[in-house]
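Report on one structure; see the data block that follows.
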Amino acid sequence: MSEVDYTVDGKTYEGYFLRPKGKDTAPVVVIAHAWGGLGDNEREKAERIAKLGYAAFAMDVYGKGKRGTTVEENQALMNPLVGDRAELQKRLAGGLAAAKQQVGVDPTKAAAIGFCFGGLAVLDMARANHEVLGVASFHGLFRPAENVPAPKITAKVMIEHGWHDPMATPEDVMAITKELDGSGADWQLHVHGNSMHSFTTLGADNREMGTVYNADADRRSFENLENFLTELF
């Protein structure tokens with residue numbers, strides 16, 4: 001395991017890379033972080049991915065050393081990229097390229113998963129036709145990408161959604177399904193009852209904000225991911 005510095009447009013970013021034990025070459029799963037930046041939750045997801053037998057690369061779209069610890073700091077980091085999707089997609093492409101360059105990675109077999117803001121990010125990777133076989137969005141945001149108003153999506157798409165997520169309403173769900181249908185994507189949507197935003201984030205417990213961990217939804221959604229990755233690779 002190691003921290004990996006890489007550059008996009010001359011700016012330094014810091015990813016986190018894990019190789020699976022006992023394999024010389026493996027597909028890679030890139031992980032897009034939540035609004036606070038790459039942290040313990042993304043590293044924990046990387047460890048779970050590596051245990052499945054895949055390489056894992058947690059990307060960084062904020063820049064080395066740029067992490068948030070409060071709601072205000074997180075918003076200040078995330079909102080500019082939500083408002084400039086071309087820039088977000090460029091940084092995601094850079095992270096994907098860095099992942100494919102790591103030792104032991106099969107660059108022809110890549111997928112992307114993301115959580116919260118990262119869920120929006122991996123949907124953008126599909127919209128922008130980044131070279132991934134599939135993307136999986138966990139309690140992600142569904143706001144469409146203004147720079148890709150009519151995407152033609154070739155990657156397979158899986159969405160894991162908490163029905164009581166205040167940041168992605170039932171109306172938002174219907175909008176993303178309409179977008180995916182129009183894109184020609186092979187897509188699937190799994191909705192988890194009794195679940196809010198951040199249902200896979202260990203320690204999340206803010207009902208007022210709507211960010212609450214749910215062990216059952218976490219387990220079920222990860223089982224869905226295992227099946228999805230088996231299908232992709």
Side-chain angles (χ1 to χ4, degrees), residues 6 8-9 11 13 15 29-38 42 57-63 66 68 74-100 110-162 165-191 197-198 200 221 225 228 232:
Y6 63 97
V8 181
D9 280 353
K11 183 178 178 181
Y13 297 82
V29 178
V30 297
I31 302 166
H33 58 70
W35 67 340
L38 198 169
E42 289 75 26
F57 187 92
M59 300 183 291
D60 168 23
V61 298
Y62 289 160
K66 292 189 175 181
N74 294 347
Q75 288 177 334
L77 288 166
M78 178 184 73
N79 287 346
L81 292 174
V82 173
D84 185 351
R85 304 294 273 279
E87 178 63 25
L88 172 60
Q89 291 157 18
K90 180 168 61 175
R91 297 185 189 186
L92 291 165
L96 176 62
K100 290 184 176 183
I113 67 173
F115 302 84
C116 307
F117 166 56
L120 175 144
V122 299
L123 290 173
D124 265 22
M125 293 178 74
R127 289 169 171 132
N129 281 316
H130 291 181
E131 292 187 1
V132 290
L133 299 175
V135 305
S137 171
F138 293 78
H139 39 87
L141 308 177
F142 297 147
R143 175 175 162 177
E146 290 83 356
N147 69 316
V148 192
K152 298 301 179 186
I153 295 175
T154 57
K156 294 183 179 181
V157 177
M158 184 179 79
I159 293 174
E160 299 290 329
H161 173 66
D165 187 337
M167 303 177 199
T169 66
E171 292 76 19
D172 295 329
V173 173
M174 294 309 296
I176 189 67
T177 60
K178 183 178 180 181
E179 179 186 1
L180 290 172
D181 255 357
S183 75
D186 176 341
W187 64 274
Q188 52 187 293
L189 166 69
H190 304 133
V191 178
H197 196 70
S198 299
T200 72
S221 62
L225 176 63
F228 186 61
L232 294 181

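Closest of all the heavy-atom pairs between Arg143 and Gly83 is NH2-CA, 4.3 Å. Closest approach of Ala98 and Phe57 over heavy atoms only: CB-CZ, 4.0 Å. When all heavy atoms of Pro144 and Glu179 are compared, the closest pair comes out as CB-OE1, 4.2 Å. The two residues Ala111 and Leu232 have their closest heavy-atom pair at CB-CD1, 3.8 Å. The heavy-atom pair separating Ala126 from Val135 by the smallest distance is CB-CG2, 4.0 Å. The two residues Ala185 and Val157 have their closest heavy-atom pair at CB-CG2, 4.5 Å.
Residues Met59 and Arg91 are not in side-chain contact: their nearest non-hydrogen atoms beyond the backbone lie 4.5 Å or more apart. Side-chain contact check for Ile153 versus Trp187: every heavy-atom pair is 4.5 Å or farther apart.
Under the salt bridge (Lys or Arg N to Asp or Glu O under 4.0 Å) criterion, Glu171 pairs with no residue, sequence neighbours left out. Every side chain to side chain donor-acceptor pair (under 3.5 Å) that Gln89 has, sequence neighbours left out, goes to Asp124, Asn147. Contacts of Asp172 classified as side chain to side chain contact (heavy atoms under 4.5 Å, CB included), with partners at least two apart in sequence or in another chain: Phe142, Thr169. The ring-ring contact (aromatic ring centres under 6.0 Å, His included) test applied to Tyr62 returns His33, not counting sequence neighbours. Applying the side chain to side chain donor-acceptor pair (under 3.5 Å) rule to Lys100 yields no partners; only residues at least two apart in sequence or on another chain are considered. With sequence neighbours left out, the salt bridge (Lys or Arg N to Asp or Glu O under 4.0 Å) criterion links Asp181 to no other residue. Evaluation of the side chain to side chain donor-acceptor pair (under 3.5 Å) rule for Ser198 yields no partner, not counting sequence neighbours. Taking the side chain to side chain donor-acceptor pair (under 3.5 Å) definition, one finds that Asn129 meets it with Thr154, sequence neighbours left out. Not counting sequence neighbours, Lys152 has no partner by the side chain to side chain contact (heavy atoms under 4.5 Å, CB included) test.
For the atom pair CG of Asp9 and NZ of Lys90, the computed distance is 4.0 Å after rounding to the nearest 0.5 Å. In this structure, CG on Leu180 lies 10.5 Å from CG on Asp186, to the nearest 0.5 angstrom. Atom-to-atom distance recorded for Leu189:CG and His161:NE2 is 7.5 Å, nearest 0.5 angstrom. From Asn79, atom CG reaches atom CH2 of Trp35 across 8.5 Å, with rounding to the nearest 0.5 Å. Thr200 OG1 to His139 NE2: the interatomic distance, rounded to the nearest 0.5 Å, is 3.0 Å. In this structure, CE in Met125 is found 12.5 Å from OG in Ser137, a value given to the nearest 0.5 Å.
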Show me, pair by pair, the donor-acceptor contacts under 3.5 angstrom made by side chains of residues 113-123, not counting sequence neighbours?
none

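Crowding of Gln75 atom CD: a count of heavy atoms from other residues, nucleotides or ligands under 6.0 Å exceeding 12.
Between the side chain of Glu42 and the backbone N or O of Ala34, at least one donor-acceptor pair lies under 3.5 Å.
Listed by first then second residue, pairs satisfying side-chain hydrogen bond (donor to acceptor under 3.5 Å, both in side chains) with a partner in residues 110-123 number zero, not counting sequence neighbours.
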